[in-house]
Amino acid sequence: MSEKKGRFGEHGGQYIPETLMNAVIELEEAYNRFKDDPEFNSELTKLFNDYAGRPSRLYYAEKMTKDLGGAKIYLKREDLNHTGSHKINNVLGQALLAKKMGKKRLIAETGAGQHGVATATAAALMGMECVVFMGEEDTKRQALNVYRMRLLGSQVIPVKTGTATLKDAVSEAMREWTRRIDDTHYCLGSVMGPHPFPTIVRDFQSVISKEIKAQMLEAEGRLPDAVIACVGGGSNAMGSFYNFIEDSKVRLIGCEAAGRGIDTFETAATIATGRSGIFHGMKSYFCQDKYGQIAPVYSISAGLDYPGIGPEHAWLHDTKRAEYIPVTDEEAVCAFEYLSKTEGIIPAIESAHAVSAAMKIAKEYTPENSIVITISGRGDKDCAAIARYRGEDIHE
Ligand SMILES: *Cc1c(COP(=O)(O)O)cnc(C)c1O
């Protein structure tokens, strides 16, 4: 194998304890065996189409287009997928792969709860045992999703270490995997962690850009001028970007959570404020304190509240192929309200970060141009928190 294996420029790699090495090698070998296997792919396509509801719609947002006065705005509706976000694409792929590997148990980390719910769903469908690790803070912010996972037959373990958020849930899931690699697959939820996860997750999510490309050619007879997606670990964005990387005229824009602002300590904008480092098995950019320790991060959105970014994004940033812009809580909440009122679509607060960037950028273009915004999930889960943010006290 070449030295470049699992690397995106200088980023990526496999910085893991020896005890995990066998699990990761077993996973890589299995993935290489099945990724081009026609039977595996036809089973996955059937799950995507019959179960998850793919292909997801590409919707022309006519009112928003007229209101903003610039590029035509299209919305890639991952919020319409079964379980309400793009997470199901990756989970169905990994669960099917785990099954082929003879694994009987799935473990996962979750932030907003979307990946946990998606994993619990796939486990229920495929008759597998499932354990989800979730920061205790997040179990409070997303209580309804905790109930959903339990309803689906999964066990949810609140993680109390560190800041009791997503990064701690990832660490705990990795520890659990080393304890039980024989019968357990770690279903990682984003394009991060040690190789081969960033590649596997990106490949399963790349169905998003494959569909956008075909749908845009059908609707406009040309490629979009820009594709915009929010970035936590970066899976919906990588999936939205991947099939456009070679199309150099298509602008790729990732939106990071700036929280209360990139000049405050309450932010999760990794590209804007982070430095190169090694964490969770990968080399990439991370928010760090002056000692190089992982800094506590903050965003109103639990799904973007992660101190790192997937290694392929770090590389797309280094090579300037993609742009990364910070979007604050306030801007995201305004976009959440705007899309709800303008198009009757309540986006996830994560996706609202991408909507906000599009609202700013649209005017740089004319109606001959078009912008695709990936709506990574639906916003029902966020309504109570946004109401509270606006000072309304509603009971869930
Ligand atoms: C998890 C999640 C995200 C962030 O994860 P990525 O890996 O960056 O895509 C964004 N939007 C929604 C709706 C999510 O559930």
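Counting starts at 1 for both ligands and their atoms, in listed order. As the structure is a prediction and not an experimental result, all values here were calculated from the model.
At least one heavy atom of H86 sits less than 4.0 Å from an atom of ligand 1. The shortest separation from a heavy atom of G234 to ligand 1 is under 4.0 Å, placing the residue in contact.
The minimum heavy-atom distance linking A258 with A269 is given by the pair CA-CB, 4.2 Å. Annotation for V117 and R148: closest pair CG2-CB, 4.0 Å, computed over non-hydrogen atoms.
For F265, the CZ atom sits in a loose shell: 12 or fewer heavy atoms of surrounding residues, nucleotides or ligands are nearer than 6.0 Å.
Backbone and side-chain nitrogen or oxygen atoms of V231 are examined, and none is located within less than 3.5 angstrom of a nitrogen or oxygen of ligand 1. Close N/O approach between S351 and ligand 1 is not found [any backbone or side-chain N/O within under 3.5 Å]. For a threshold of 3.5 Å applied to N or O pairs, the pair formed by A348 and ligand 1 contains no separation below that value. Residue Q114 places no N or O, backbone or side chain, under 3.5 Å from any N or O of ligand 1.
For atom 4 (C) of ligand 1, the nearest protein heavy atom (residue, atom name, distance) is G303 O, 3.4 Å. In terms of protein heavy atoms, atom 11 (N) of ligand 1 is closest to S376 OG, 2.7 Å. Protein heavy atom closest to atom 6 (P) of ligand 1, with residue, atom name and distance, is S235 N, 3.2 Å.
Atom numbering of ligand 1 starts at 1 in the shown order; those under 4.0 Å from a heavy atom of G377 are 13 (C). If you number the atoms of ligand 1 from 1 as listed, the ones under 4.0 Å from a heavy atom of G232 come out as 8 (O). Short contacts between ligand 1 and S190, defined as distances under 4.0 Å to a heavy atom of the residue, involve ligand atoms 6 (P), 7 (O).
With hydrogens and angles disregarded, no donor-acceptor distance shorter than 3.5 Å links the side chain of R77 to the backbone of L80.
Salt bridge status for R390 with E330: present, with a side-chain N to carboxylate O gap under 4.0 Å.
One distance of note links NZ of K103 with OH of Y186; it measures 15.0 Å at 0.5 Å rounding. In this structure, the separation between CD on E392 and CZ on R388 is 11.5 Å, given to the nearest 0.5 Å.
Taking only non-hydrogen atoms, the option from H353, H115, K87, E78 nearest to atom 1 (C) of ligand 1 is K87.
For H280 and F286, the distance between ring centers is not under 6.0 angstrom.
Under the 6.0 Å distance and 45° angle rule, K72 counts as a cation-pi partner of Y60.
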